[in-house]
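In what follows, a single structure is set out as structure tokens and then discussed.
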2 protein chains.
Amino acid sequence: MTLRADARRNRARILEAAEKVLVERGTTVSTEEIARAAGVGIGTLFRHFPTKEELIQGVFVGRLHRLADDAFRLAESSDPGKALTSFLRQAVAQGEVKNALAAMLTSAGVDLHEAAGEAQQEVRRALGTLLHSAQETGAVRRDLEVADLIGLLAGTSRAIEYAGSDVTARDRILAVILDGLRPPDGQRTSNSSRE
Amino acid sequence: MTLRADARRNRARILEAAEKVLVERGTTVSTEEIARAAGVGIGTLFRHFPTKEELIQGVFVGRLHRLADDAFRLAESSDPGKALTSFLRQAVAQGEVKNALAAMLTSAGVDLHEAAGEAQQEVRRALGTLLHSAQETGAVRRDLEVADLIGLLAGTSRAIEYAGSDVTARDRILAVILDGLRPPDGQRTSNSSRE
DNA sequence: GTTAAATAGGAGCCCTCACTCCGCTTCCGA
DNA sequence: TCGGAAGCGGAGTGAGGGCTCCTATTTAAC
């Protein structure tokens with residue numbers, strides 16, 4: 001399973017280029033264009049990813065891993081109450097990208113659950129720790145579940161796409177979501193101060 | 001501009017079938033398949049919509065009109081505070097569909113703004129009246145703008161897609177959004193009771 | 001009923017795109 | 001250094017899909 005040095009290099013370049021191109025132009029770009037962007041022949045691309053779908057999955061799995069890493073890092077370095085909101089802000093800042101990928105995949109008919117099972121579990125765990133500690137400090141409503149949070153993440157991402165480059169609009173939308181995450185009136189503890 | 005009777009009938013059938021098929025299978029379905037679903041020859045389809053893109057636009061514009069109608073109707077028949085939340089609930093209940101269409105279009109590279117300009121303006125006006133009256137009664141935060149609301153609508157729709165058929169999850173996600181729409185603490189009037 | 005115009009239908013054109021095949025190049029252990 | 005294995009590249013293939021074009025059919029005015 002040890003790849004030759006040049007093969008490893010090429011694989012990395014393909015993934016990198018594919019991510020860029022796929023995000024910019026959608027899943028409909030031709031594999032040839034991806035290969036060109038990577039500076040690689042089509043044959044090489046298809047050696048590493050025998051199917052266009054597998055290439056897309058590869059890109060997506062990479063993103064999921066990075067997302068989970070971000071979440072774990074924040075969970076350790078920040079106080080629970082703020083960790084979740086920071087994560088949302090941060091994830092959404094790069095969000096056009098992540099959202100575009102999710103949209104790509106669903107529209108391409110790729111079954112996420114079995115395609116990227118392991119990576120998805122990782123994200124789920126990471127968000128779980130983030131969510132549960134935030135709930136324990138009373139910063140976030142207790143009825144929320146991890147799956148809801150993932151949905152909200154995707155939704156926020158999409159909502160913010162509509163704001164385009166208007167930063168104030170982004171902030172207003174984010175404010176709606178972050179306020180909505182807080183426990184409803186009468187269920188707040190002294191810890192649940194607004195950030 | 002008066003179409004012959006059979007032409008009018010076929011046009012309607014094409015739009016109806018296209019909406020169904022496009023929503024179910026995405027923009028990548030072949031025009032031939034749409035024609036088959038409509039019980040019509042390909043030639044006929046292309047007479048009515050000279051381009052696949054124009055067909056998709058036709059479907060989308062229809063949806064926008066219906067969405068605007070819903071909003072206007074609610075604005076008249078319901079008290080302002082509840083009208084907006086009812087609209088959100090209702091729009092989102094049929095939301096997988098609407099959202100799927102939006103995703104389709106953006107991923108298909110169709111420029112919504114010039115494609116469906118008029119219809120989009122209509123939606124904007126309808127949501128504007130809904131939003132502004134809700135803001136005047138103090139039921140909704142005053143900083144929100146119509147564009148934000150549209151973004152949030154799309155986002156909510158997408159978030160709820162992730163809930164799948166889990167109705168309780170849907171409700172939890174909706175609760176987050178609806179709570180987030182209310183004015184933040186200290187800016188509420190006596191009118192802004194929770195629904 | 002007749003007729004001309006409008007419409008329907010579908011075989012086929014052409015182009016794009018995912019993927020294959022194989023001769024050539026590069027790597028790397030001995 | 002050198003040999004063979006691993007990797008590279010890109011012309012070519014086959015399938016699929018958007019769209020055209022021309023003939024048969026339907027509509028509706030008189």
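Everything numeric in this text was worked out from a predicted model, so none of it was measured. We name chains A, B, ... by the order of the sequence lines, and we start the count at 1 in each one.
- Considering only side-chain N and O atoms, B:Asn10 lies under 4.0 angstrom from the phosphate OP1 or OP2 of C:dA8.
- In the hydrophobic cluster analysis, where Ile, Leu, Val, Met, Phe, Trp and Tyr join through side-chain heavy atoms closer than 4.5 angstrom, B:Phe72 is grouped apart from B:Leu127.
- The salt bridge (charged side-chain N to carboxylate O under 4.0 Å, His left out) test applied to B:Glu145 returns A:Arg172, not counting sequence neighbours.
- Between atom CG of residue B:Leu22 and atom OG1 of residue B:Thr27 there is a gap of 7.0 Å, rounded to the nearest 0.5 Å.
- Within the helix from C:dG1-D:dC30 to C:dA30-D:dT1, the inter-axis angle between the opening and closing five-pair segments is 20°, rounded to 10°.
- No donor-acceptor distance shorter than 3.5 angstrom exists from the side chain of A:Glu118 to the backbone of A:Val61, with no hydrogens or angles considered.
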Nucleotide N/O of nucleotides 24-28 of chain C paired with protein N/O under 3.5 Å:
unit_1	atom_1	unit_2	atom_2	d
C:dT26	O2	A:Arg4	NH1	3.2
C:dT26	O2	A:Arg4	NH2	3.2
C:dC28	OP1	A:Ala5	N	3.1

Short heteroatom pairs, N/O only, protein and nucleotides 2-4 of chain C, under 3.5 Å:
none

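- Of all non-hydrogen atoms in A:Ile173 and A:Ala159, the two that sit nearest each other are CD1-O, 3.6 Å.
- Legend: residues meeting side chain to side chain donor-acceptor pair (under 3.5 Å) with A:Glu33, ordered by chain and number and at least two apart, are A:Arg25.
- Contacts between residues 34-44 of chain A and DNA chain D, counted as heavy-atom distances below 4.0 Å, involve A:Val40, A:Gly41, A:Ile42, A:Gly43, A:Thr44.
- Straight-line distance from the CG atom of A:Leu45 to the C1' atom of C:dC17: 13 Å, rounded to whole Å.
- If you walk DNA chain D from 5' to 3' and mark each nucleotide with an atom closer than 4.0 Å to a heavy atom of chain A, the marks span D:dA5 to D:dG10.
- Taking the side chain to side chain donor-acceptor pair (under 3.5 Å) definition, one finds that B:Arg4 meets it with B:Asp6, sequence neighbours left out.
- The 12-atom threshold is exceeded at CD of A:Glu54, counting heavy atoms of other residues, nucleotides or ligands nearer than 6.0 Å.
- At most 12 heavy atoms of other shown residues, nucleotides or ligands fall within 6.0 angstrom of atom CD in A:Glu16.
- At whole-Å resolution of the value, CZ in B:Phe49 and P in C:dT7 are 14 Å apart.
- Every residue meeting the side chain to side chain donor-acceptor pair (under 3.5 Å) condition with A:Thr168, not counting sequence neighbours, appears here in chain and number order: A:Asp166.
- In this structure, the CD1 atom of B:Ile14 is 9 Å from the P atom of C:dG9, given to the nearest Å.
- With sequence neighbours left out, B:His132 forms a side chain to side chain donor-acceptor pair (under 3.5 Å) with no residue at all.
- Residues passing the side-chain contact (heavy atoms from CB on, under 4.5 Å) test with B:Ala147, sequence neighbours excluded: B:Arg124.
- Between B:Thr2 and B:Arg8, the shortest heavy-atom distance links the atoms CG2-NH1, 4.5 Å.
- Between the side chain of A:Gln135 and the backbone N or O of A:Leu144, at least one donor-acceptor pair lies under 3.5 Å.
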N/O donor-acceptor pairs under 3.5 Å from side chains in residues 41-49 of chain B, not counting sequence neighbours:
none

